[in-house]
Amino acid sequence: MSRGLPLLHRRRILVSGAIGGITCAAVVVGAAMAGQDDGSGDAHASTKAAQTISCPAVAGSLPEIPAAAQAEVDRNLALLDTQLAEANKRLSTSQGEGGPNFVQNAILGPLADKRKSTLDRIAISIGRRAEKPAGLDALAECTLSGGAAGAGSGAGGEADGGATPTAAASEPAGGGAEQGSGAGQGGGAEQGGGADAGSGQTISCPDVASKISGVPAAAQAEVDRNVALLQTQLDEANKRLSTSQGEGGPNFVQNAILGPLKDKRASTIDRIELSFSRQGSTAPSGLDALAGCSLTSG
């Protein structure tokens, strides 16, 4: 009897030691795995933070600029930089907003429209004094660089139906970042646009055709094409509004639909005015004020 007790005691000690060893091993493995998870999380966070928007350089693609156009070209080149800086700021402050296509719909798409407008203004300003440069529109599209660029951009998500805007909808949009935030339209649009944007609301724009008169015969076809384009842009914006319920934050409609629409209309109105000036005529005044649109209840 007295001999069995030490043996039983030894067995208990061995069992306790084994359990303790397993517990310690589990703690060590768990800590190691936690360390790995933390590291990968930090790497993922820094990857997202490292994302930026990059755009093709424009200045090096321009022909010789006439002296009379230099100031206007310089202003628009500076505007391209401003637009890119604002888009990168929007990217850095909007993590977690919207769905998988948010960056394309609310940042990259509108940025391309603004750049198209600004590039169009550059081409027009040079074209008034020399041969108009061709192909600048190809420099409008920008991309995400650094980090998980594909995932952040919605992996090829559409902006108004495609990674690149449609030909009609993406006529260079007049005005850049400053014009896109435009007077009057921004406030009302943001109030109406948001979670309830699709409940019976539509986009309405000032009528341009009724404000145009005295069109030179040689400019009539071009004016008609651009007036028709204004309607196409409005139709596409209303379609985007009806299919985007629940996307983005409270300013989604302004940032992704109304702002780009105003830019496109401003560019189209510029083209109408330019068609007058090419024929030595003066376009009706005040057309630029008709670019902004707003939400109305159905």
Side-chain angles (χ1 to χ4, degrees), residues 52-92 107-145 159 164-165 169-186 222 226 229 233 255 259-292:
T52 57
I53 299 170
S54 59
C55 303
V58 173
S61 299
L62 297 179
E64 184 176 353
I65 301 170
Q70 188 69 58
E72 186 175 359
V73 170
D74 288 345
R75 280 195 302 272
N76 282 289
L77 288 174
L79 181 56
L80 290 171
D81 291 337
T82 299
Q83 292 164 354
L84 177 58
E86 290 181 346
N88 270 311
K89 181 179 179 180
R90 178 87 176 97
L91 178 67
S92 69
I107 302 178
L108 289 178
L111 176 60
D113 289 331
K114 292 174 182 178
R115 283 175 60 85
K116 285 183 195 306
S117 165
T118 307
L119 291 167
D120 191 51
R121 291 176 184 274
I122 290 173
I124 289 172
S125 65
I126 294 174
R128 288 193 183 109
R129 287 99 180 174
E131 183 179 354
K132 182 179 178 180
L136 293 185
D137 283 355
L139 306 176
E141 300 292 333
C142 303
T143 57
L144 285 180
S145 61
T164 31
S170 65
E171 276 294 320
E178 292 86 350
Q179 290 180 328
S181 60
Q185 89 145 358
E222 185 177 359
N226 282 291
L229 179 57
Q233 293 164 351
N255 293 333
L261 175 60
K262 181 184 179 184
D263 291 337
K264 293 170 185 176
R265 284 174 58 84
S267 172
T268 306
I269 290 171
D270 277 351
R271 291 176 183 274
I272 291 173
E273 293 173 336
L274 182 59
S275 66
F276 276 78
S277 64
R278 284 196 186 108
Q279 307 304 322
S281 299
T282 301
S285 61
L287 295 183
D288 288 346
L290 305 177

Self-check item: Side chains of Leu91 and Leu144 in contact at under 4.5 Å (non-hydrogen atoms)
Solution: yes
Practice problem: Specify the closest pair of heavy atoms between Leu111 and Cys55, including all atoms of both residues, with the distance to one decimal. | Solution: CD2-SG, 4.0 Å
Self-check item: pair Arg121-Ile124: side-chain heavy atoms closer than 4.5 Å
Solution: no
Quiz item: Partners of Gln279 by side chain to side chain donor-acceptor pair (under 3.5 Å), sequence neighbours excluded?
Solution: none
Quiz item: Going by heavy atoms in the side chains, are Arg128 and Leu274 under 4.5 Å from each other?
Solution: yes
Quiz item: From Glu273 CD over to Leu287 CG, what is the distance, rounded to the nearest 0.5 angstrom?
Solution: 5.0 Å
Quiz item: By side chain to side chain donor-acceptor pair (under 3.5 Å), which residues pair with Asp74, not counting sequence neighbours?
Solution: Gln70
Quiz item: Applying the side-chain contact (heavy atoms from CB on, under 4.5 Å) test to Cys142, which of Ile107, Asn88, Ile53 qualifies?
Solution: Ile53
Quiz item: What's the shortest heavy-atom distance between Ser125 and Ala69, and which atoms?
Solution: O-CB, 3.5 Å
Quiz prompt | More than 12 heavy atoms from other groups under 6.0 Å of NZ on Lys132 | solution = yes
Exercise. Check whether any side-chain heavy atom of Lys116 lies under 4.5 Å from a side-chain heavy atom of Glu141, and answer yes or no.
Key: yes
Practice problem: First locate atom CG of Asn226, then atom CZ of Arg265, and finally report the distance between them rounded to the nearest 0.5 Å. | Solution: 12.0 Å
Quiz prompt | With Arg278 via side chain to side chain donor-acceptor pair (under 3.5 Å) - residues at least two apart | solution = Glu222
Quiz prompt | Residues Arg271 and Asp120 bridged, charged N to O under 4.0 Å | solution = yes
Self-check item: Pair Arg90-Asn255, side-chain contact (heavy atoms from CB on, under 4.5 Å): steps then yes or no
Solution: CA-CA 10 Å; Arg90 178 87 176 97; Asn255 293 333; 3.4 Å; yes
Self-check item: CG-CG distance between Leu84 and Leu79, expressed to the nearest 0.5 angstrom
Solution: 11.5 Å
Quiz item: Is the backbone N or O of Leu139 less than 3.5 Å from a side-chain atom of Arg115, with the two atoms forming a donor-acceptor pair by type?
Solution: yes
Quiz item: Is any side-chain heavy atom of Leu261 less than 4.5 Å from a side-chain heavy atom of Asp113?
Solution: no
Quiz item: Is there side-chain contact between Asp288 and Asp270, with at least one heavy-atom pair below 4.5 Å?
Solution: yes
Self-check item: Separation of Ile122 CD1 from Asn76 CG (nearest 0.5 Å)
Solution: 5.0 Å
